[in-house]
Structure formats: structure tokens, C-alpha cells
Asks: 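Following this message is one structure expressed as C-alpha cells.
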Amino acid sequence: MQFWNKTAETLTRQQLEELQLERLKKVLKRVYQKVPHYKKKFQDSNINVSNIKSLDDIKKFPFTIKEDLFVDYPYGLLAVSLEKVLRLHTSSGTTGKPKAIFFSRRDINNSAELIARCLVMTGATKGDILQNSMTYGLFTGAFVMHYGAEKIGILVIPAGPGNTERQISLMKDFGTTMLHITPSYALYIASVLYDKGIDPKKELKLKRAYLGAEPFSEATRKKIENILGIDVYTCYGLTEMNGPGVGFECLYKDGLHIWEDNFLMEIINPVNGETVPEGEIGELVLTTLNREAMPLIRYRTRDLTRIISEPCKCGRTHRKIARIIGRSDDMFIVKGVNIFPQQIEHILMGIKGVAQNYQIVLEAYDEMIIKVEIDRELFDGKIEKLIRLKDEIIDKIRAATLVKPKVELLEPGTLPANEGKAKRVIDKRTI
Ligand code: ADP
Ligand code: ZN
């Protein structure tokens with residue numbers, strides 16, 4: 001017997017869009033009737049919610065931005081009565097208060113269903129053992145994944161992040177086959193395994209890892225795959241949309257399927273709010289189509305990506321987005337050039353001799369300093385090797401960003417360990 005509902009995955013494109021339209025009409029009416037904040041927004045924009053004819057009509061509606069979550073805080077955006085709410089999750093907010101998102105029983109069940117679909121899509125099955133190294137608590141990441149994996153019948157080890165020694169013994173003792181973890185922490189665990197002389201390919205049973213919560217590059221994926229001898233899949237989500245499992249890679253690892261029966265996606269130009277031509281990079285905007293307690297309409301995620309229009313080889317009709325380039329607010333400007341931390345990461349992780357941890361420090365007068373840990377053996381060898389490596393890093397970063405960085409080569413373990421979401425950019429210009 002199957003515990004999650006596979007039907008939505010087998011819909012044709014046309015059926016999927018019909019379902020989206022039906023759900024869109026419903027959710028727009030619901031929020032108009034139940035959420036005063038939306039009623040007012042729609043009235044101010046002169047929109048009649050009964051007049052929705054096509055999916056394109058969504059463009060007439062106003063965006064919801066993070067600041068909207070703080071209007072009538074904390075319960076103002078609820079579309080159900082408070083007694084139907086079973087769970088609260090929050091994530092860091094911009095105004096000092098955390099963004100609060102509420103789940104009804106149906107929402108909890110549904111978010112677990114979406115994760116179950118994601119995991120199965122990558123070959124996970126009953127009998128697998130998932131070590132969940134994301135933070136349990138107010139964040140969505142660990143809980144939503146936990147419930148989703150259980151739905152399939154997977155044994156979940158609720159490890160949480162940190163305490164790397166214990167993470168490794170859990171993996172060894174219980175035969176962990178899958179990890180749910182941030183990319184920076186996966187890199188860190190890989191370096192600790194290396195230092196301890198543990199060969200993960202021989203001594204662990206790991207098969208795959210689900211990396212999420214922050215952007216990472218293809219070079220980082222390859223690096224983690226090679227060191228741990230596993231398959232790495234990208235998992236994208238945000239608290240405002242249930243947490244993880246909004247977008248997920250399939251076996252082809254070439255873009256993330258968005259569960260379009262649950263989310264209506266648009267990509268807009270972050271500056272003027274216009275839809276960009278399909279395939280172009282912009283900000284991902286999501287409307288929840290199947291959420292009970294707290295539906296959000298045209299929510300601006302600030303995450304930058306593009307839609308991949310070509311059908312996936314796996315046969316799923318849910319369209320894909322490219323990996324997240326970064327958040328529009330992650331981008332930093334040095335010497336007038338826009339740079340995303342991920343561009344730097346991609347270059348570093350592709351260079352032989354570079355270890356797992358790095359930091360970008362921005363100093364006065366727009367000086368960009370890259371502090372990068374390198375393989376320990378290099379310090380025992382000839383100085384020429386170090387000089388060559390440093391030059392290679394400088395040249396490659398300059399070629400890709402047009403900015404010449406200063407590079408500091410460090411021994412592994414020098415930079416702060418990332419046992420959760422990493423802080424990669426230290427901008428001293430603003431301190
Ligand atoms: P916050 O970090 O704002 O407190 P969340 O914990 O909800 O909020 O994190 C959601 C954000 O994390 C997303 O909007 C996105 O920027 C980032 N994120 C999550 N998963 C991924 C991923 N796989 N790739 C890139 N970025 C991701
Ligand atoms: Zn696919």
C-alpha cells in the first residue's frame with residue numbers, strides 16, 4: 001500500500017493546468033472572504049475575485065511581500081479559525097520579529113505528502129534510514145522532512161545539526177543511508193571524516209544526501225558526491241511556502257521540479273514586477289494553491305532563478321526551475337560589479353587543492369578578500385605550489401567577476417565551522 005498520493009504526479013500538462021485554475025479560483029475567493037488584509041488589497045487594486053478566467057489573470061493581483069506578513073501580526077493572515085491551527089513555524093524576519101506561518105492538520109499532512117513525492121522521486125524507499133541534520137524547532141526544515149520521510153516508511157534519525165562527532169557515530173552505528181543537511185555542513189562533515197581518516201565509501205552506508213536551506217553550486221555538489229561517494233540532490237523551500245519540498249531534483253539532477261498542483265509559479269523582474277519571458281532569470285513568485293491555514297498570493301520569495309521549459313527526461317509534467325542563483329538581497333556590489341557568493345563558491349570548489357570552507361570579506365575601499373582553507377598536505381610541500389594555487393584562485397575569480405580579489409590560504413579548521421546555515425560574506429564596509 002502507498003501512503004502518499006501519486007495521482008498528481010501523473011497528470012498531463014493540460015490536466016495539471018486545469019487543476020491549477022480550479023484551485024486558484026478557490027484560493028482567491030477564500031482569502032477575499034476570510035482575510036481582511038487580502039480583501040482590502042484586492043479592493044484597492046479594483047479586482048473582482050469572481051472574474052478569474054485563466055491562470056494568466058493572476059498577474060492582475062498585487063504581490064504579497066515579506067512586510068505583509070507583519071500586518072495584523074501574528075494571526076492576521078489566517079484563513080481559518082485559530083482552533084484549526086496545529087502548528088507554528090517561524091523563520092528570521094527582517095523587522096526583528098520572525099515571520100510566523102501556521103499549519104492546519106491538512107497542511108501538515110500535505111507538506112509531508114510533497115516531501116514523500118520528492119524523496120521517492122530520487123529513489124528513496126522503505127528500508128532507507130534518514131539522518132535529519134537540519135534544525136528541529138521553530139524552523140520548518142527538519143520537521144517537514146521528518147514527517148514526509150515517515151510517510152514513506154523510512155526510519156528517521158532526528159539528529160539535528162551540530163555535534164559532528166555524534167553525527168558520524170550515528171551514521172556508523174545505525175547505517176544511515178540518507179542525509180538531510182545544509183551544503184556547508186555537509187562540506188564540514190566531509191572534512192572531519194577526512195581528518196579522522198574515515199573512508200565514507202567503505203565505512204558508511206550513505207547513498208544520498210538532500211541539501212537545502214542555502215544556495216550551493218554544481219562544483220560543491222560534485223565535491224560532496226566525490227568525497228562521500230553518494231548522490232546529492234537539491235531541495236528548495238522556504239518557511240512561507242511550508243518549508244522544504246517546494247522544489248526538488250529528480251534522478252536527472254538537472255533543475256528542480258516545482259509541485260505545480262500546489263504552487264503557481266511566476267518569474268518576475270524584481271525591479272519593475274513584470275513577468276520575464278520564460279527561461280529568463282528573475283525573482284520567483286509563488287501562490288499557494290492548496291494551503292488551508294495561511295494561503296499566500298503572489299508571494300515574492302526574493303530568490304533568483306529561471307523556469308526550464310524543456311520537458312524533463314523523467315516524464316514528470318511539473319515544470320522545473322534552475323538551481324537558485326541566490327537571493328536578490330544576497331548579492332553584493334564590489335567596485336560597481338554585482339556578485340553572488342555562489343559564483344565565488346563555484347570557482348573555489350572547482351579548484352584542486354581547495355578544501356571545504358571559505359569566507360568572503362569585504363573591506364573598506366571595496367577590497368574583496370577571499371579566505372580559503374586548502375588541503376593540509378599543501379602546507380608541507382613546496383612553497384611554489386601554494387603560490388600557484390593562490391594565483392589560480394585570483395585569476396579565475398577575476399576572469400569570472402572582473403574584480404581582482406586578495407586571497408588568503410588557510411589551513412583546514414581555521415575558519416568558523418558551519419554547522420547550519422553558513423555566513424559566507426562578512427561585509428565590513430557597512431560596520
Ligand atoms: P530565512 O533563511 O529567511 O530565515 P527559511 O529558513 O525559510 O528563511 O529559508 C528559506 C530560504 O533559504 C529560501 O528563500 C532560499 O533563499 C534559501 N534556500 C532554501 N533552499 C535552498 C536551495 N536548495 N537552494 C538555494 N537556496 C535555498
Ligand atoms: Zn525530472
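Remember, it's a predicted structure, so these values are computed and weren't measured experimentally. Along the sequence shown, the residues carry numbers beginning at 1. Whatever order the structure lists ligands and atoms in, that order sets their numbers, starting from 1.
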Asks: Counting both backbone and side chain atoms, is some N or O of Thr234 under 3.5 Å from an N or O of ligand 1?
Replies: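 No; every N/O pair is 3.5 Å or more apart.
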Asks: To the nearest 0.5 Å, what is the distance between CE on Met178 and CG on Asp231?
Replies: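 The CG atom of Asp231 is 12.0 Å from CE of Met178, to the nearest 0.5 Å.
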Asks: For Tyr188 and Tyr185, take the angle between the two ring planes, folded into 0 to 90°, and tell me which bin it lands in: parallel under 30, tilted 30 to 60, perpendicular over 60.
Replies: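 Geometry flag for Tyr185 against Tyr188: parallel rings.
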Asks: Report yes if Ala213 has an N/O atom closer than 3.5 Å to an N/O atom of ligand 1; otherwise report no.
Replies: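 Ala213 vs ligand 1: N/O contact under 3.5 Å present.
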Asks: In this structure, which one of Met265, Glu310, His257 forms a side chain to side chain contact (heavy atoms under 4.5 Å, CB included) with Arg319?
Replies: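 Answer after filtering Met265, Glu310, His257: Met265.
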Asks: Output the list of atoms in ligand 1 that are nearer than 4.0 Å to some heavy atom of Lys99, sorted by atom number.
Replies: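 Numbered from 1, ligand 1 contributes 3 (O).
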Asks: Does a side-chain N-to-carboxylate-O contact under 4.0 Å join Arg323 and Glu218?
Replies: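 A salt bridge links Arg323 with Glu218.
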Asks: Any chance you could measure Lys207, atom NZ, to Leu179, atom CG, to the nearest 0.5 Å?
Replies: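 It comes to 12.5 Å.
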Asks: Counting only heavy atoms not in Lys335, do more than 12 sit closer than 6.0 Å to its NZ atom?
Replies: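 Enclosed: over 12 neighbouring heavy atoms sit under 6.0 Å from NZ of Lys335.
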Asks: Consider ligand 1: state whether an atom of it lies below 4.0 angstrom from any non-hydrogen atom of Arg323.
Replies: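 The answer is no, since Arg323 has no heavy atom less than 4.0 Å from ligand 1.
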Asks: Examine Cys235 against ligand 1 and note whether any of their N/O atoms are separated by less than 3.5 Å.
Replies: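 Yes; at least one N/O pair falls below 3.5 Å.
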Asks: Under 2.8 Å from the Zn ion (ligand 2), which protein N, O or S atoms do you find? Ignore water molecules.
Replies: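 N, O, S partners closer than 2.8 Å: Cys250 SG, His257 NE2, Cys312 SG, Cys314 SG.
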Asks: Atoms of ligand 1 less than 4.0 Å from Ile324 heavy atoms?
Replies: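 Those of ligand 1 that fall under 4.0 Å from Ile324 are 24 (N), 25 (C).
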Asks: Kindly say whether the aromatic ring centers of His89 and Phe103 come within a distance under 6.0 Å.
Replies: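 So the answer is yes for these two rings.
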Asks: Quick one: which of Thr305, Thr239, Ile101, Leu138 has a heavy atom closest to atom 5 (P) of ligand 1?
Replies: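 The residue whose heavy atom sits nearest atom 5 (P) of ligand 1 is Thr239.
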Asks: In terms of side-chain geometry, is the basic nitrogen of Arg429 or Glu363 positioned less than 4.0 Å from the acidic oxygen of its partner?
Replies: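 Looking at Arg429 and Glu363, the cut-off is not met.
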Asks: Do NZ/NE/NH1/NH2 and the carboxylate oxygens of Lys60 and Asp57 come within less than 4.0 Å?
Replies: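 Salt bridge: yes.
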Asks: What are the two closest heavy atoms between Val232 and Glu249, and how far apart are they?
Replies: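 Scanning both residues completely, I find the closest heavy atoms to be O-OE1, 4.0 Å.
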Asks: Considering only heavy atoms of Pro215, which atoms of ligand 1 have at least one such atom less than 4.0 Å away?
Replies: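 The atoms of ligand 1 under 4.0 Å from a heavy atom of Pro215 are 24 (N), 25 (C), 26 (N).
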Asks: Look at atom 2 (O) of ligand 1 and find which of Arg327, Lys66, Gln342, Glu214 reaches it with the closest heavy atom.
Replies: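 Nearest option to atom 2 (O) of ligand 1, by heavy atoms: Arg327.
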